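Okay, structure first, notes after.
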Amino acid sequence: MVEKRRIAVITSGGDASGMNATIRAVTRYAIYKELEVYGFYEGYKGLIGNSFKVLDLSLVGGIIDRGGTFLYSARSERFRCSDGQKEAIESLKKNKIEGLIVIGGDGSFKGAHDLHKRGIQVVGIPATIDNDIPGTDYSIGFDSALNVIIDLISKIRDTAYSHDRIFVIEVMGRNSGLIAINTGLACGADFILVPERKVDLISIANDIKENRKDKRHTLIVVAEGAARASEVASSIKLLVGREVRISVLGHIQRGGSPSALDRILAAEFGRKAVDLLLANESDCMVGIKAMKIITRKFEDIFEMNKEIDQELFDLAHILST
Ligand code: F6P
């Protein structure tokens, strides 16, 4: 019997809704292309420890709509050092694996790039709710997180207008304001605070006092990397002299069933990543630009910064006044 060629897949970094749908797409498309698929547990940690499961059609059944990742995820300190990387490569070689698909964020892609430099064929699939990976308009998990957050903010708005309150809502985004801008725009937030722009609480307080006296609800959406909700709330309370409540959404934003967009991206990214391995491509990520599936070299995206869309940011403010 002719031995089938083998590839491996891992999920790495913070989990994102749609990772399971992506593992399913990679596995089923690779099997369709007559490959064998090894799913390693807990990202690079599982590669180092040679902890895996051979995936088949039924094992990836019933996971398309599940949040999290059934291959589990981790951030491996050991993989950052040369010994860890050598152990990961040993596992791949021992199992005769020819190519690796890494589903994760840009930190995970740096690890993939290191493996490429050591002779391993690697392709990345962007997955992070922060959507902060340059070179792609969307990462798996971003759209699902936006939908979760929008639903939660709408509920907070019910209380805000019933009680004539100012609410500060803290969303995720350690280094990026993309979640805050997109959810703020979609929820009609009055103010959006992001790490990429200076936070000016005095001007926000003046705006609330002068222009929003008659508004029964004022919503301030703050990215965690811009300021903490509690700090924003105490300053605004002091400056405006009104009741302020806070809501820190936390990890609730990362869980839940993936949105339609994330499931469709999972299918398209999964197929493209397998096709790239079959074409002997390496050291690159798949992505989507202007609704077209594209490929980008890791080194190019490491050089780039993902900027916030200033026009969208301004529009959110214009529409809320
Ligand atoms: O997935 C990215 C992210 O959501 C960041 O916005 C956030 O700061 C971080 O994960 C927190 O994740 P953890 O608690 O897993 O370190």
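Everything quoted here is computed from the prediction, not taken from an experiment. All residue numbers in this chain count up from 1 along the given sequence. For ligands, and for the atoms within them, numbers begin at 1 and follow the listed sequence.
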- [ ] Mind running salt bridge (Lys or Arg N to Asp or Glu O under 4.0 Å) on E90 and K93 for me, showing each step along the way?
- [x] CA-CA 5 Å; E90 255 171 52; K93 296 232 158 110; over 6 Å; no

Task: Residues D15, R254: salt bridge by 4.0 Å N-O rule - done: yes

Open item on the list: Once you restrict to heavy atoms under 4.0 Å, what part of Q253 touches ligand 1? Side chain, backbone, both or neither.
Closed with: neither

Open item on the list: Starting from atom 8 (O) of ligand 1, what is the nearest protein heavy atom, named by residue and atom, and what distance separates them?
Closed with: E224 OE2, 2.7 Å

Open item on the list: Angle between ring planes, F302 versus H113, binned at 30° and 60°: parallel, tilted or perpendicular?
Closed with: perpendicular

Task: Shortest protein heavy-atom distance from atom 12 (O) of ligand 1, along with the residue and atom involved - done: R254 NH1, 2.9 Å

Open item on the list: Can you name the atoms of ligand 1, numbered from 1 with element, that are less than 4.0 Å from a heavy atom of G173?
Closed with: 6 (O)

Task: Exercise: identify the closest heavy-atom pair between N147 and S259 - done: ND2-CB, 3.7 Å

- [ ] Specify the protein heavy atom at minimum distance from atom 14 (O) of ligand 1: its residue, its atom name, and the distance to 0.1 Å.
- [x] H251 NE2, 2.7 Å

- [ ] Decide yes or no on side chain to side chain contact (heavy atoms under 4.5 Å, CB included) for D190 and I220, but give the supporting numbers first.
- [x] CA-CA 6 Å; D190 297 83; I220 303 172; 5.7 Å; no

Task: Passing option when E36 is tested against R5, K4, R6, K96 for salt bridge (charged side-chain N to carboxylate O under 4.0 Å, His left out) - done: R6

- [ ] Can you figure out which of V171, D15, D130 has its heavy atom closest to atom 2 (C) of ligand 1?
- [x] D130

Task: Distance in Å, I166 CD1 paired with I204 CD1, rounded so as to fall on 0.5 Å steps - done: 10.5 Å

Open item on the list: So for ligand 1, is I129 a polar contact partner (N or O within less than 3.5 Å, distance only)?
Closed with: no

Open item on the list: To check your reading of the model: name the closest protein heavy atom to atom 16 (O) of ligand 1, its residue, and the distance in Å.
Closed with: R75 NH1, 3.0 Å

Task: Nearest neighbour in protein (non-hydrogen) for atom 4 (O) of ligand 1 - done: M172 SD, 2.9 Å

